Student: 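Structure in structure tokens, see below.
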There are 2 protein chains.
Amino acid sequence: MTTRPARAETPLASLATVARAAGVSVATVSRIVNGKRGRASAETVARVEQAVARLGYRPNPVGRALKQRASRVVALLAPNLDNPAMAAIAVSTEAALRDAGYVTILCDTHDRAELQDEYLAAMRSQFVAGYVMVSAVASRGLEATLRRGDPMVFVARRSPLGGGAFVGIDDRAAGAEAADHLLDRGVARPAVLMAAQNASSTGERAAGFIARLEQRGLAPQEIRRASAQGLNHIEIGYAAARALVAEGGWPQGLFCVSDLIAYGAYRLAREAGVAVPGDCRMVGVDGNAINAWLAPWLTSIRIPYEAFGGHIVAQLGQLWGGGTGSHVHVRHGRIGDEPPAA
Amino acid sequence: MTTRPARAETPLASLATVARAAGVSVATVSRIVNGKRGRASAETVARVEQAVARLGYRPNPVGRALKQRASRVVALLAPNLDNPAMAAIAVSTEAALRDAGYVTILCDTHDRAELQDEYLAAMRSQFVAGYVMVSAVASRGLEATLRRGDPMVFVARRSPLGGGAFVGIDDRAAGAEAADHLLDRGVARPAVLMAAQNASSTGERAAGFIARLEQRGLAPQEIRRASAQGLNHIEIGYAAARALVAEGGWPQGLFCVSDLIAYGAYRLAREAGVAVPGDCRMVGVDGNAINAWLAPWLTSIRIPYEAFGGHIVAQLGQLWGGGTGSHVHVRHGRIGDEPPAA
DNA sequence: CTGAAAGCGCTTACAG
DNA sequence: CTGAAAGCGCTTACAG
């Protein structure tokens with residue numbers, strides 16, 4: 001029977017504990033723990049490291065944050081995490097931040113300006129190292145944070161106030177590819193479904209789609225489009241499809257600016273007995289992992305959300321280094337690409 | 001043209017700033033800000049409150065945490081947030097904690113003991129107020145945290161080490177209801193699909209299902225069951241269904257211990273040309289919002305994840321109050337219930 | 001009713 | 001190479 005090492009693990013060891021145990025000052029322990037090299041004799045370093053190991057010491061981030069007025073915490077603000085795309089962004093961001101030694105505070109803004117401001121203020125007093133704004137909405141607090149120059153990267157939706165680092169795909173190009181895809185398959189008059197108040201991302205997808213259609217010879221008034229109010233893209237898809245169909249029947253091809261919108265449109269098609277893709281081809285954007293299992297009828301432009309985290313952290317790194325950050329276009333998948341195996 | 005109020009919003013105001021502005025001591029400001037009633041004259045209170053408003057002061061949680069060795073931060077540890085059920089739990093927990101004045105730190109453990117321990121240790125040194133463990137895994141750090149008596153509530157999966165507050169549904173009852181449902185619809189020999197290493201939740205669902213089948217007259221060896229290795233329930237569902245079918249063909253009715261497993265099984269059915277529910281009825285558990293749109297063929301037992309947050313916070317409240325916490329069974333929906341409108 | 005002081009855990013000039 | 005001291009923002013006995 002092995003005896004468990006009698007480690008005093010209950011009390012949280014502090015610098016002072018370690019200093020006492022090693023017979024040195026807290027300043028010395030602090031320097032060694034923080035790897036300030038060449039500032040202590042090898043013998044001292046060894047004694048301190050032993051004490052650290054024996055006591056299971058870990059630097060207290062709260063004490064450090066208070067002193068430095070800066071923490072290793074990053075705030076992730078997002079509207080509704082129940083959207084699979086948001087969840088995927090949150091997952092990859094959390095993992096990338098963790099690898100970089102940061103911890104993620106999760107703030108669900110429900111797309112509301114006051115809640116976003118409330119969180120922004122609360123996070124600021126936590127001395128967070130930066131802000132990751134997924135689909136941010138315009139607000140006074142956002143403006144103040146930006147003006148202050150605090151590290152902030154926008155994801156998916158560009159800064160509603162201009163400026164700021166950005167990570168997302170080239171949405172206009174994605175829209176154009178959807179247009180090409182449908183046109184190339186003989187759909188003479190593809191239609192587009194979008195939200196009434198489009199985020200920059202979905203708005204640009206629709207714009208890119210329409211622009212390409214015009215380039216390839218359709219007159220603006222020939223391009224059918226419909227939208228619906230709301231926050232939930234599935235319901236928007238259903239309602240927008242109904243509006244579209246009411247006006248001119250089912251199109252042969254339909255570009256949905258998000259996969260969720262396509263799911264909503266699909267329900268209407270099912271109810272109407274319209275075969276997808278037989279009677280109506282559908283192209284979405286996101287490439288949700290679930291598609292292969294539940295929506296084999298959907299062709300989607302895959303957004304590699306699993307790669308966003310790395311780019312987001314790289315942008316934060318630039319900002320922390322005093323740089324200005326930039327707009328990163330992550331390369332989206334080719335139409336119909338499936339996600340990599342888990 | 002309205003002039004913006006000249007509020008010095010850039011520097012973060014501290015107690016000292018406010019004290020100076022109001023001409024009182026920091027102790028007095030602290031008491032007033034913290035609502036310690038009857039400890040200051042009405043006149044002083046008014047002066048301080050004015051200064052607070054004018055300077056836009058908010059108490060700094062870092063200073064407070066350091067002093068009190070306790071913060072208003074709660075750690076939420078979960079394996080993979082890309083599971084819609086996990087995301088739903090995270091959303092409702094974050095909202096309920098926010099309403100209670102807490103902030104949520106998100107930790108994705110990937111179901112790995114070392115990562116869970118790493119986070120547990122990191123969160124402890126953040127002086128978190130408590131831990132919400134969604135589907136926790138056994139680990140040394142978990143044991144230490146539990147032994148220390150730190151506030152911890154387990155969600156969905158019971159504590160792998162026993163003890164602890166718990167929030168989840170009555171999984172055995174859910175399994176039994178699935179058995180009744182299939183039997184009552186004339187399925188003579190319903191089968192069950194599960195994961196190879198079952199969490200307490202899914203394990204109990206399967207056990208409840210099997211027990212009810214036996215109660216209603218099936219011999220143990222008549223009850224078909226299959227499982228598969230892995231973490232991803234969709235893939236488990238696909239593989240387990242294949243194993244089941246290889247052994248004895250398609251059953252007329254199939255209980256899948258989670259909706260995701262049902263999605264996986266459905267893909268195999270689709271590939272095999274088996275109609276669902278025509279040839280094979282499927283019953284899942286979770287009631288994912290997406291089902292109504294993408295999986296109308298699935299009958300599911302809905303888990304009201306949106307209500308979990310409130311119960312979790314209530315449990316934490318009990319623990320904070322010195323209570324012991326309890327096992328809360330949230331009432332699950334009746335088979336086939338749809339989620340409430342958003 | 002109010003304030004001075006100590007101390008939570010840390011870092012960092014400064015002095016030696 | 002090392003330590004004493006100040007200070008980040010806060011709370012809380014203690015004294016008056």
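What you see is a predicted model; the values in this text were computed from it and never measured. In what follows, chains carry the letters A, B, and so on, assigned in the order in which the sequence lines appear, proteins first and then strands, with residues in each chain numbered from 1.
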Student: Taking atom types as modelled, find out whether A/Thr145 and A/Asp150 have a side-chain donor-acceptor pair closer than 3.5 angstrom.
Tutor: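 No, no side-chain donor-acceptor contact under 3.5 Å.
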Student: Are OP1 or OP2 of C/dG7 and a side-chain N or O of B/Gln68 less than 4.0 angstrom apart?
Tutor: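 Result: no.
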Student: Closest approach to the side chain of A/Thr44, judged atom by atom: which nucleotide of D/dT12, D/dT2, C/dT11 is it?
Tutor: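 Nucleotide nearest to A/Thr44's side chain: D/dT2.
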Student: Could you check how far CZ of A/Phe127 sits from C1' of C/dC10, rounded to whole Å?
Tutor: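 Rounding to the nearest Å, CZ of A/Phe127 and C1' of C/dC10 are 13 Å apart.
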Student: Tell me the partner of C/dC14, counting only Watson-Crick (N1-N3 plus N6-O4 or O6-N4) or G-U wobble (N1-O2 and O6-N3) with both under 3.5 Å; none if nothing fits.
Tutor: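 Answer to the pairing question: D/dG3, which forms a Watson-Crick or G-U pair with C/dC14.
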Student: Whether A/Asn60 contacts C/dC8 is assessed here as follows: a side-chain N or O lying under 4.0 Å from the phosphate OP1 or OP2. Is that the case?
Tutor: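 No.
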Student: Hey, does A/Ala27 reach any base, or is it just sugar-phosphate, or nothing, if we go heavy atoms under 4.0 Å?
Tutor: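 Base contact.
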Student: To the side chain of B/Ser41, which of C/dT2, C/dC10, D/dT2 is closest?
Tutor: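 My answer, after comparing the listed nucleotides, is C/dT2.
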Student: For the pair A/His327 (side chain) and A/Gly164 (backbone), establish whether a donor and an acceptor sit closer than 3.5 Å, ignoring hydrogens and angles.
Tutor: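 Present.
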Student: Strictly below 4.0 Å: does A/Ser14 bring a side-chain N or O up to OP1 or OP2 of C/dC8?
Tutor: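 Negative; the distance criterion is not met.
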Student: Would you say A/Thr28 reaches D/dC1's phosphate, i.e. side-chain N/O to OP1/OP2 under 4.0 Å?
Tutor: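 No, A/Thr28 has no side-chain N/O under 4.0 Å of OP1/OP2 on D/dC1.
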Student: Which nucleotide wins on minimum distance to the side chain of B/Lys67, given the candidates C/dA6, D/dC8, C/dG3?
Tutor: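 Selected nucleotide (nearest to the side chain): C/dA6.
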Student: How long is the line joining CG of B/Leu12 and P of D/dC8, in whole Å?
Tutor: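 Taking atom P of D/dC8 as the reference, CG of B/Leu12 is at 13 Å.
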Student: Please determine if a side-chain N or O atom of A/Ser30 lies less than 4.0 Å away from the OP1 or OP2 oxygen of C/dT11.
Tutor: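 Yes.
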Student: Inspect the contact between A/Arg58 and B/Glu118 and indicate whether a charged nitrogen and a carboxylate oxygen are less than 4.0 angstrom apart.
Tutor: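 Result for this pair is yes, salt bridge flagged.
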Student: The side chain of A/Arg31 lies closest to which of these nucleotides: C/dT11, D/dT11, D/dT2?
Tutor: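 In terms of side-chain proximity for A/Arg31, the closest of C/dT11, D/dT11, D/dT2 is D/dT2.
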Student: If you check every side-chain atom of A/Ala40, which of D/dT2, C/dG3, D/dG3 has the closest atom?
Tutor: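 Closest nucleotide to the A/Ala40 side chain: D/dT2.
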Student: Calculate the interatomic distance between A/Leu66 atom CG and D/dT11 atom C1'; express it in whole Å.
Tutor: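 Rounding to the nearest Å, CG of A/Leu66 and C1' of D/dT11 are 13 Å apart.
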Student: Starting at NZ of B/Lys36 and ending at C1' of D/dA13, how long is that distance when rounded to a whole Å?
Tutor: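 Spelled out: NZ on B/Lys36 to C1' on D/dA13 is 12 Å.
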Student: In terms of side-chain heavy atoms, does B/Gln116 have a donor or acceptor partner in B/Ser139 at a distance below 3.5 Å?
Tutor: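 Yes - a donor-acceptor pair under 3.5 Å links their side chains.
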Student: From the list D/dC10, D/dC1, C/dT12, which nucleotide is the closest neighbour of the side chain of B/Pro59?
Tutor: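 When the side chain of B/Pro59 is considered, D/dC10 is the closest of D/dC10, D/dC1, C/dT12.
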